[in-house]
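Shown next, in structure tokens, is the structure this report addresses.
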Amino acid sequence: MQKWLLSLAALIVGFSGVSAFAKGEKIAQQVCMACHASGVDKAPKIGDREQWAPLIAEGQVILTAHGYVGVRGMPPKGGKPDLTIEDFSAALNHMVSKSGGHWKKADKVTLEAIKNEILAREIVQKNPNK
Ligand code: HEC
């Protein structure tokens, strides 16, 4: 294919979608793979559809929020305190896409819902009578 045609194709696909995907992959490799590549401490292994199916079924908002807050061996923000919700979400979307699901880049409304779920989850975790 001609080079200019490839550039045109990239333009048509849309910069934001493509770069968000590449970014998610990069973050997943840098932050999440340490545990999710091999399944350290029961971390759901990337590519293991059986392990991911019930998680994916929880939905993008819930799973992104719960992962971000942390659960048991899963450290908050994947153990990277400065990781934004957007970046965590992009990395998770990449793992999901390799594990039998397909989530779109979180838009404004989805990000708001994720933030609300994070707040709710943090309150539950801090409450000893949960
Ligand atoms: C230090 C190891 C470690 C790193 C780094 C890590 N995880 Fe995890 N993660 C785990 C473990 C262990 C679990 C399983 C927790 C459980 O259910 O006991 C898990 C579970 C999860 C879950 C499922 C949460 C749920 O509600 O059951 C998600 C989503 C997730 N990780 C996303 C990520 C993302 C995205 C990154 C990178 C930004 C990341 N993890 C980095 C160890 C890690």
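FYI, side chains are in, hydrogens and waters are out, and symmetry mates aren't considered; it's all heavy atoms of this structure. Each ligand, and each atom within it, is numbered from 1 in the order the structure gives.
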Which N/O atoms of ligand 1 sit under 3.5 Å from a protein N/O, and at what distances?
residue  : atom   : partner : partner atom : Å
ligand 1 : 7 (N)  : H36     : NE2          : 2.8
ligand 1 : 9 (N)  : H36     : NE2          : 2.9
ligand 1 : 17 (O) : R72     : NH2          : 3.0
ligand 1 : 18 (O) : R72     : NE           : 2.8
ligand 1 : 31 (N) : H36     : NE2          : 2.9
ligand 1 : 40 (N) : H36     : NE2          : 2.7

Quick one: side chains of residues 74-86, donor-acceptor pairs under 3.5 Å with protein atoms, not counting sequence neighbours, listed by atom name and distance.
residue : atom : partner : partner atom : Å
K77     : NZ   : P81     : O            : 3.4
K80     : NZ   : D82     : OD1          : 2.9
T84     : OG1  : D87     : N            : 3.0

Identify, with sequence neighbours excluded, every residue that meets side chain to side chain contact (heavy atoms under 4.5 Å, CB included) alongside K98.
I46, H94
Under 4.5 Å between side-chain heavy atoms, counting indirect links through other Ile/Leu/Val/Met/Phe/Trp/Tyr residues: same cluster for L119 and L111 or not?
no
When the side chains of residues 36-45 are checked against the rest of the protein, which donor-acceptor pairs come out under 3.5 Å, sequence neighbours left out?
residue : atom : partner : partner atom : Å
H36     : ND1  : P44     : O            : 2.8

Is there a side-chain contact between N93 and Q60 in this structure, where contact means two heavy atoms from C-beta onward sitting under 4.5 Å apart?
yes
Greater than 12 external heavy atoms within 6.0 Å of K115's NZ
yes
